[in-house]
Number of protein chains: 2
Amino acid sequence: MFKRITIIGLGLIGGSLGLSIKRHRFAREVVGVSRRRKTLTRALKIGAVDRVTLNSTEGIKDADLIILATPILKIIDIFKRIKENLKEGCIVIDVGSTKNFVSRKIEKEIPECVSYVGCHPMAGSEKKGIDFARSDLFKGNYCILTRTRDTQREALLKIRKFWEGLGMKVVIISPEKHDRIISSLSHLPHAVSVALINSLNNLELKLSSGGLRDTTRIAASDPELWRDIFLTNRKNILREIGNFEKSLKILKNLLKKSDKAGLFKFFHRAKVIRETISV
Amino acid sequence: MFKRITIIGLGLIGGSLGLSIKRHRFAREVVGVSRRRKTLTRALKIGAVDRVTLNSTEGIKDADLIILATPILKIIDIFKRIKENLKEGCIVIDVGSTKNFVSRKIEKEIPECVSYVGCHPMAGSEKKGIDFARSDLFKGNYCILTRTRDTQREALLKIRKFWEGLGMKVVIISPEKHDRIISSLSHLPHAVSVALINSLNNLELKLSSGGLRDTTRIAASDPELWRDIFLTNRKNILREIGNFEKSLKILKNLLKKSDKAGLFKFFHRAKVIRETISV
């Protein structure tokens with residue numbers, strides 16, 4: 001599918017991509033780039049990459065596909081550093097969890113002869129780093145690709161085939177729609193989860209219920225990653241937090257009034273909606 | 001341990017208790033009481049009970065231990081119905097998720113010759129009903145027993161031994177303290193989870209992230225059960241919701257100001273606290 005794929009950023013997603021690409025033999029060579037020597041050694045050892053370098057300019061040399069897999073604000077920094085040395089005809093993708101900010105920045109600066117496709121593989125966990133990388137991380141999950149006026153059809157189709165080849169279900173929408181949908185389905189749950197854990201003020205955490213454990217699992221996620229997501233999808237997330245606050249206020253008022261029927265209805269509605277989401 | 005144990009209410013908890021008691025041979029006979037004939041048939045079939053009846057007065061005849069395992073408001077109704085026919089020297093326990101309301105009501109009305117111990121086995125799931133009953137549901141989890149001025153020492157020790165025999169770690173505190181701690185560790189996460197799912201207003205739920213699935217798993221729980229929990233622990237839950245709202249407001253303000261360092265700190269603090277909770 002590609003001669004040389006370069007992955008910049010070898011965390012959970014970058015590392016898992018390396019493993020998955022190698023397993024599917026989607027490239028003759030996979031090159032890994034990271035700031036940390038330890039990560040590079042580990043990536044080589046688990047077989048996520050064939051060759052490693054600390055230098056991104058050296059890493060992207062002759063690559064047909066460059067995958068930017070760092071936290072969002074770093075994606076932009078790295079792109080600025082490598083954009084002059086991209087091979088003619090290559091495709092650049094990123095795997096950040098917000099798309100409007102990144103695609104605008106990259107499309108503004110990208111050379112004519114290079115294509116860009118924004119990608120959001122909806123896989124991951126609260127675990128951070130290459131030690132948790134798995135070749136089957138992507139299988140069966142959705143991957144959102146974003147299309148803008150600048151998106152080149154051929155590159156989009158090729159990238160679609162790439163993710164489908166890794167076992168993902170691909171959906172193509174605009175970066176704006178992506179950020180709107182995901183602010184509600186992923187960023188809001190994160191906001192609620194971290195606010196919840198930060199509101200606890202007792203020391204009896206050993207008595208934690210399964211409910212607390214589940215609702216706050218994602219609060220253990222990488223703070224840098226999530227800071228960047230929040231900063232680059234600010235307005236959508238603020239709107240969703242507002243909607244959530246209204247919903248919580250309804251519950252609070254029902255409880256204040258000891259409204260037996262109203263509480264039942266509120267809980268029942270939640271159950272019905274929740275059951276439409278696959279486990 | 002007991003000659004005859006009667007379980008009133010054969011849902012997830014009652015059914016699992018039957019299976020677990022039978023497996024540990026803690027009673028010569030286990031009697032099951034339910035309003036629904038179908039539940040009784042099922043309980044007999046899976047071996048959760050030895051004998052069944054729709055009639056609670058008949059069910060408690062000669063029982064040494066009576067376990068009230070219905071939603072909280074029903075516990076009180078049932079207790080009023082059976083209290084005149086309790087065997088001298090028997091022990092009554094309930095397994096409701098709030099303790100102050102139930103223990104006050106029961107202790108006010110309980111006959112002299114009978115003991116009561118409030119119990120909260122911290123096990124369960126969003127699944128409802130005997131079809132999900134498992135003999136190992138309790139193993140390894142905490143069980144909170146509540147002690148008041150009226151609690152009889154001998155009964156308390158016996159019930160402690162009972163839960164420990166089923167593999168639970170027992171903690172003994174006052175009903176007031178129980179309700180305060182659990183409002184923060186279990187009832188608040190529930191409030192947040194149902195408010196979250198009820199605030200979603202888009203139809204792209206197929207794109208749900210693992211984060212949304214986890215944070216809202218408990219929102220699929222039994223509405224009646226949770227209505228009763230909320231109604232009987234109102235003040236504590238309202239206070240905890242207030243604390244949570246303050247925490248969410250801090251996050252919102254950091255985001256409004258695009259406070260990069262503040263957001264990192266907020267997410268980092270959540271990660272540190274979350275990591276002290278066992279998976």
Side-chain angles (χ1 to χ4, degrees), chain A residues 122 125 142 181 184-186 189-202 204-205 207-209 211-221 223-224 226-227 230-231 234 237-238 241 243-244 247-248 251-252 255-256 258 260 263-264 266-271 273-277, chain B residues 122 142 181 184-186 189-202 204-205 207-220 223-224 226-227 230-231 234 237-238 241 243-244 247-248 251-252 255-256 258 260 263-264 266-271 273-277 279:
Chain A
M122 298 195 58
S125 86
Y142 278 94
I181 293 174
S184 142
L185 298 183
S186 166
H190 200 86
V192 163
S193 182
V194 292
L196 176 57
I197 201 99
N198 280 343
S199 83
L200 300 181
N201 50 6
N202 80 65
E204 309 275 357
L205 288 178
L207 295 176
S208 300
S209 64
L212 181 70
R213 285 195 292 272
D214 285 354
T215 48
T216 61
R217 182 185 61 82
I218 51 175
S221 306
E224 184 188 356
W226 279 94
R227 177 200 65 193
F230 271 56
L231 289 172
R234 236 177 111 247
I237 297 173
L238 284 171
I241 292 178
N243 288 339
F244 169 79
S247 174
L248 187 60
L251 175 59
K252 214 172 134 185
L255 191 53
K256 271 187 188 158
S258 291
K260 208 172 156 180
L263 283 169
F264 184 88
F266 195 85
F267 291 136
H268 186 261
R269 181 172 175 240
K271 182 180 173 66
I273 301 176
R274 180 56 182 83
E275 281 172 348
T276 66
I277 302 176
Chain B
M122 298 193 61
Y142 278 94
I181 293 174
S184 142
L185 298 182
S186 165
H190 200 87
V192 162
S193 182
V194 292
L196 176 57
I197 201 98
N198 279 343
S199 83
L200 299 181
N201 50 6
N202 81 65
E204 309 275 355
L205 288 177
L207 294 174
S208 299
S209 66
L212 181 70
R213 285 195 292 272
D214 285 354
T215 47
T216 60
R217 183 184 61 81
I218 50 175
E224 183 188 357
W226 280 94
R227 176 200 65 193
F230 272 55
L231 288 173
R234 234 176 112 249
I237 297 173
L238 283 170
I241 292 177
N243 288 339
F244 170 78
S247 174
L248 187 61
L251 176 58
K252 212 172 137 187
L255 191 53
K256 270 187 187 156
S258 291
K260 207 171 156 181
L263 282 169
F264 184 89
F266 195 86
F267 291 135
H268 186 261
R269 180 171 175 242
K271 182 180 173 66
I273 301 175
R274 180 57 182 82
E275 281 173 348
T276 67
I277 301 176
V279 185

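Below, chain A is the first sequence line, B the second, and so on; all start at residue 1. As the structure is a computational prediction, the values presented were derived from the model and not from experiment.
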Interface check, chain B: of A:Ser199, A:Pro223, A:Ala191, most non-hydrogen pairs under 4.5 Å belong to A:Pro223

Note: vs chain B, highest number of non-hydrogen pairs under 4.5 angstrom among A:Ile237, A:Thr276, A:Asn243 is A:Asn243

With a 4.5 Å cut-off on heavy-atom pairs, point out which of [options] contacts chain A the most.
| options | answer |
| --- | --- |
| B:Ser186, B:Ser258, B:Gly211 | B:Ser258 |
| B:His268, B:Lys252, B:Met122, B:Glu224 | B:Lys252 |
| B:Ile218, B:Ile273, B:Val192, B:Leu255 | B:Leu255 |
| B:Asn198, B:Val194, B:Ile241 | B:Asn198 |

Exercise. Take A:Arg274 and B:Arg217 through the side chain to side chain contact (heavy atoms under 4.5 Å, CB included) test and state the conclusion after the steps.
Key: CA-CA 7 Å; A:Arg274 180 56 182 83; B:Arg217 183 184 61 81; 4.2 Å; yes

Could you state the interatomic distance from [atom1] ([X]) to [atom2] ([Y]), rounded to the nearest 0.5 Å?
| X | Y | atom1 | atom2 | answer |
| --- | --- | --- | --- | --- |
| B:Phe264 | A:Arg227 | CZ | CZ | 7.0 Å |
| A:Leu207 | B:Leu185 | CG | CG | 6.5 Å |
| A:Ile181 | B:Leu200 | CD1 | CG | 12.5 Å |

Could you check if a side-chain atom of [X] sits within less than 4.5 angstrom of a side-chain atom of [Y], using non-hydrogen atoms only?
| X | Y | value |
| --- | --- | --- |
| B:Leu263 | A:Trp226 | no |
| A:Ile197 | B:Ile277 | yes |
| A:Leu196 | B:Pro189 | yes |

Check each atom of [X] against the heavy atoms of chain B and say whether the ones under 4.5 Å are side chain, backbone, both or neither.
| X | answer |
| --- | --- |
| A:Phe230 | both |
| A:Thr216 | both |
| A:Leu212 | both |
| A:Leu248 | both |

So for [X], is it side chain, backbone, both, or neither that comes closer than 4.5 Å to the heavy atoms of chain A?
| X | answer |
| --- | --- |
| B:Glu275 | side chain |
| B:His190 | side chain |
| B:Tyr142 | side chain |

Heavy atoms of B:Arg234 and A:Lys256 approach each other most closely as NH2-O, 2.6 Å

